[in-house]
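Structure, as structure tokens:
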Amino acid sequence: MSASVWSQIDAGTALALGLIVETAAIRKFQRPRVVALTLERLEPRLVGRRRRAICIGLVIAAYEAIVAAGVVGFRGTTGFVFACALFVACAGFLVALTRAVQRSVPCACFGRLGRTAAGGREIGRGLVLVAASAFLVVHRALDVHGGYGFGAGGLIALVATVVLIVAGQRVGVAVRPGVALPAGSATDERSLTSALRSLVGIDNDLYTVDQISGK
């Protein structure tokens with residue numbers, strides 16, 4: 001396989017991950033109180049410190065937004081650094097999701113809280129994100145001087161990355177379904193848009209902060 005093809009695979013994978021992580025960042029900026037609530041549930045020391053939790057959530061969102069743009073836009077040594085930063089972000093996703101599964105709470109990694117607590121679906125997604133970002137780190141470490149190329153190979157890599165994420169989620173659900181939360185959430189969405197959001201990992205059903213916190 002030629003270096004140019006590998007560069008296209010890199011570009012397609014980076015674009016898929018960049019779009020997903022950028023979406024996560026935007027959602028966090030849109031719903032900082034929801035993200036703060038998740039941080040409080042994952043870290044008991046933040047309970048009662050909503051302002052600090054919101055600030056931490058915004059810092060995480062800013063980090064994700066910058067990294068998502070950088071991993072798509074840069075190559076060479078700078079691109080490698082952004083790939084490493086993306087790997088850290090994806091690993092952070094996985095750690096947060098694992099903790100959410102242990103505590104049987106939803107995780108607002110995408111600024112949304114679903115009807116079920118985090119389960120295998122989210123873990124499956126996290127594992128694929130970590131694996132894909134690790135590929136970018138390895139490839140860019142071995143080909144520091146590689147350029148940007150997006151063609152048929154890039155498109156295939158983009159689609160393949162999304163398919164792998166969907167497959168990871170489906171396998172995860174089969175292994176460990178999420179625990180259903182009490183009723184009282186918003187009305188179900190049954191649109192094509194909501195179905196597409198589900199494919200990339202954004203929960204369809206949104207709880208309000210008061211409903212999740214029991215207020």
Side-chain angles (χ1 to χ4, degrees), residues 17-71 81-82 84-130 133 165 169 172 176-187 189 194 197-198 200-215:
L17 297 188
L19 289 174
I20 291 172
V21 175
E22 196 71 49
T23 299
I26 292 172
R27 292 287 184 175
K28 288 183 177 70
F29 281 127
Q30 291 175 330
R31 304 183 188 278
R33 292 180 64 230
V34 174
V35 178
L37 176 59
T38 294
L39 292 174
E40 289 176 22
R41 289 194 163 227
L42 298 181
E43 179 50 67
R45 288 177 295 182
L46 290 175
V47 175
R49 300 180 177 180
R50 180 61 57 85
R51 183 173 297 180
R52 176 176 295 183
I54 288 176
C55 289
I56 294 174
L58 292 176
V59 169
I60 293 173
Y63 176 84
E64 292 172 350
I66 293 171
V67 167
V71 79
V81 172
F82 274 111
C84 292
L86 178 67
F87 177 80
V88 171
C90 292
F93 269 139
L94 187 58
V95 170
L97 290 169
T98 301
R99 193 170 181 84
V101 169
Q102 293 172 341
R103 293 177 174 271
S104 294
V105 297
C107 183
C109 292
F110 287 85
R112 298 173 66 87
L113 294 171
R115 292 182 183 277
T116 58
R121 174 177 178 267
E122 290 77 12
I123 295 296
R125 178 202 311 156
L127 288 173
V128 176
L129 291 177
V130 168
S133 60
I165 292 172
Q169 292 179 166
R176 180 167 180 170
V179 178
L181 297 173
S185 67
T187 303
E189 299 179 40
S194 65
R197 287 204 306 265
S198 179
V200 297
I202 305 174
D203 296 319
N204 294 337
D205 305 312
L206 178 66
Y207 273 91
T208 66
V209 174
D210 288 345
Q211 286 169 330
I212 289 293
S213 60
K215 297 180 181 178

Heavy-atom count check: over 12 atoms from other residues, nucleotides or ligands less than 6.0 Å from Arg49 CZ?
no

Are the side chains of [Y] and [X] in contact, using a 4.5 Å heavy-atom criterion?
X	Y	result
Val71	Leu17	no
Ile123	Val101	yes
Phe93	Val130	no
Glu64	Ile60	yes
Arg33	Ile54	yes

Please find the pair of heavy atoms, one from [X] and one from [Y], that lie closest to each other, and give the distance.
X	Y	answer
Tyr63	Ala89	CE2-CB, 3.9 Å
Ala69	Glu22	N-OE1, 3.5 Å
Cys90	Ser133	CB-OG, 3.8 Å
Arg50	Ala36	CD-CB, 3.6 Å
Lys28	Gly57	CD-O, 4.3 Å

Salt bridge (charged side-chain N to carboxylate O under 4.0 Å, His left out) against Arg51, all qualifying residues, sequence neighbours excluded
none

Nearest 0.5 Å please: distance from the [atom1] atom of [X] over to the [atom2] atom of [Y].
X	Y	atom1	atom2	result
Arg103	Thr98	CZ	OG1	13.0 Å
Ile165	Arg125	CD1	CZ	8.5 Å
Leu39	Cys55	CG	SG	11.0 Å

Side-chain (Glu122) to main-chain (Gly119) donor-acceptor, under 3.5 angstrom
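Side chain of Glu122 to backbone of Gly119: a pair is present.
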
Working for side chain to side chain contact (heavy atoms under 4.5 Å, CB included), residues Leu42 and Val105
CA-CA 8 Å; Leu42 298 181; Val105 297; 4.2 Å; yes

